[in-house]
Amino acid sequence: MRSGLISGHLLDPRRWSLARQVLALLTSAMVLVVGAAVVAAYLQARASAHKEARNDVMSAALIVATTPAVAEALAEADPAATLQPYAERVRKVTGTDFVVIMSPGGVRYSHPDPRQIGGRFLGHTEDALNGTAFTETYTGTLGPSVRAVAPIRRGGTIVGLVAVGITWDVVGRGLAQQIPALILAGLVTLAASAIGAWLLSRRLRRLTHGLGPEELSRLYEFYDAVLHAVREGLLLLDREGRLRLVNDEGRRLLGLPDDAVGRSVRELALPADVLDALLEDRQRVDDVRLGDDRVLVVNRMPARWQGRELGSVVTLRDHTDLLALSGELDSVRGFAESLRSQAHEAANRLHTVITLIELGQTERALEFATEELREAQSLTDQLTE
């Protein structure tokens, strides 16, 4: 059951880590690009081979056509006796498959297969009879071939034609010899690209800690929600003192501009007392600092990952309202103490009034009580204020 879950996880690209997805995407793209490059190189090599074959046969045909001995041999009683050995020597020297010298009517005087001498040439000769050498692809007695046909002149008159050709089999064999080199170059390129993609994916895996796109998306959403929800100011500083992150409360408490992220805290015009707390390279716990118009409680802790220090995390709490409430509470406590003292003193004076009445000194008791009432009213007025 567990192995099935693991297999399903590996086979589902959506559950792969971001680094693995990038590696798969780059590998697929590289295979397509290298494959297309190999095919394009093959097509270009084939076109070059065909062009080279046309140039070779045209050069050989023009050489034969402009050789005076060939034109003289065409005037002999048996041209084939002279031209067949000559044509075979040219064919072997030039590496072509056939050199056919013929009359203007197309009767062959030479051919690689002596049995074909005297027969009709298979191919087009109209342009050559009009004085223009040309190349064509045609299927003759030796199979499909690329050939050049040129006129042979004597005294300005066309006295014969020469056709020099290379079969497609020979061109294909030459092209086939280049295929292993093309494939090897493609494999080397693909291997180098794959190594580069693997190194890139390893770096990406370290940067993303092996998380997938969905996990990274959820992590960012939660991180952003928590960042803006906390009631304390939060700042992240790198080792050079640059501000890398700040939440809304941190901006409010310090009065930071919109472009504060990425700048050094030295450039942000912070109060000197707060700036010292941010830049001093030591831990701080509930350190009270004075801002421009508020009292801040600063906590500063180093931020580390796998033993490497990344910077520091700073939290800020507004202590101004708390101090105001503490002052008011102290005042209330003072009044309470005064009232307690006054209550004790009032009890003592009441006993004095009772004692005076018991002694028959009613007038003195009345005067004493009236004076106490006046003082009590005065204290009540002060408390109300």
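Numbers for residues simply follow the sequence, beginning at 1.
Considering all non-hydrogen atoms of both residues, Gln116 and Arg108 come closest at O-NH1, 3.0 Å. Taking every heavy atom of both residues into account, Pro112 and Asp97 meet most closely at CG-O, 3.3 Å. Contact record, Ala128 with Ala150: CB-C, 4.4 Å, taken as the closest heavy-atom pair. Across all non-hydrogen atoms, the minimal contact from Ile158 to Pro151 is CD1-CB, 4.0 Å. Taking both residues in full, the closest heavy atoms of Gly118 and Val107 are given as O-CG1, 3.8 Å, listed atom of the first, atom of the second, then distance. Here the closest heavy-atom approach between residue Ala61 and residue Val162 is recorded as O-CG1, 3.5 Å.
Results of the side-chain contact (heavy atoms from CB on, under 4.5 Å) test with Leu235 over Val261, Asn247, Val313, Val314 single out Val314 as the only residue that passes.
A 4.5 Å side-chain heavy-atom check between Val70 and Ile101 finds at least one atom pair inside the cut-off. In this structure the side chain of Val159 never reaches within 4.5 angstrom of the side chain of Arg153, judged on heavy atoms. Using a 4.5 Å heavy-atom threshold, the side chains of Ser110 and Arg91 count as separate. Inter-residue side-chain proximity for Ser103 and Leu74 is flagged as unmet; no heavy-atom pair is nearer than 4.5 Å. Side-chain contact between Gln84 and Glu88 is present, with at least one heavy-atom pair separated by less than 4.5 Å.
Put simply, the side chain of Ser264 gets close to the backbone of Arg266: a donor and an acceptor are under 3.5 Å apart. Checked by atom type and distance alone, the side chain of Glu136 pairs as donor or acceptor with a backbone atom of His124 at under 3.5 Å.
In the hydrophobic clustering, Val93 connects to no other residue, as no ILVMFWY side-chain heavy atoms lie under 4.5 Å from its own. Through side-chain heavy atoms spaced under 4.5 Å, either directly or across other Ile, Leu, Val, Met, Phe, Trp or Tyr residues, Leu122 is tied to Tyr138.
When hydrophobic clusters are built by joining Ile, Leu, Val, Met, Phe, Trp and Tyr residues whose side-chain heavy atoms come closer than 4.5 Å, directly or via intermediates, Ile63 is not grouped with Phe98. Note: the hydrophobic cluster containing Val246 also contains Val298 (ILVMFWY, side chain heavy atoms under 4.5 Å, direct or indirect links). By the rule that hydrophobic residues join a cluster once side-chain heavy atoms approach within less than 4.5 Å of another member, Val90 and Met58 end up as members of separate clusters. Under the 4.5 Å side-chain heavy-atom criterion for Ile, Leu, Val, Met, Phe, Trp and Tyr, Val164 and Leu62 are members of distinct hydrophobic clusters.
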Full working for side-chain contact (heavy atoms from CB on, under 4.5 Å) between Arg147 and Val57
CA-CA 6 Å; Arg147 60 183 63 182; Val57 295; 5.8 Å; no
CA sep, side-chain torsions, deciding dist, call: Tyr86, Val64, side-chain contact (heavy atoms from CB on, under 4.5 Å):
CA-CA 10 Å; Tyr86 171 78; Val64 173; 4.1 Å; yes
As a quick check of understanding, evaluate side-chain contact (heavy atoms from CB on, under 4.5 Å) for Met102 and Leu83, giving each step before the final call.
CA-CA 9 Å; Met102 68 196 85; Leu83 295 177; over 6 Å; no
Applying side-chain contact (heavy atoms from CB on, under 4.5 Å) to Asp56 and Thr94, what does each step give before you reach the verdict?
CA-CA 8 Å; Asp56 291 343; Thr94 58; over 6 Å; no
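Rounded to the nearest 0.5 Å, atoms CD1 (Ile152) and OG1 (Thr157) are 13.5 Å apart. For the atom pair CG of Leu236 and CZ of Arg244, the computed distance is 10.5 Å after rounding to the nearest 0.5 Å. In this structure, Leu237 CG and Leu243 CG are separated by 6.0 Å, a value rounded to the nearest 0.5 Å.
For Asn55, the side chain to side chain contact (heavy atoms under 4.5 Å, CB included) partners are Lys51, not counting sequence neighbours.
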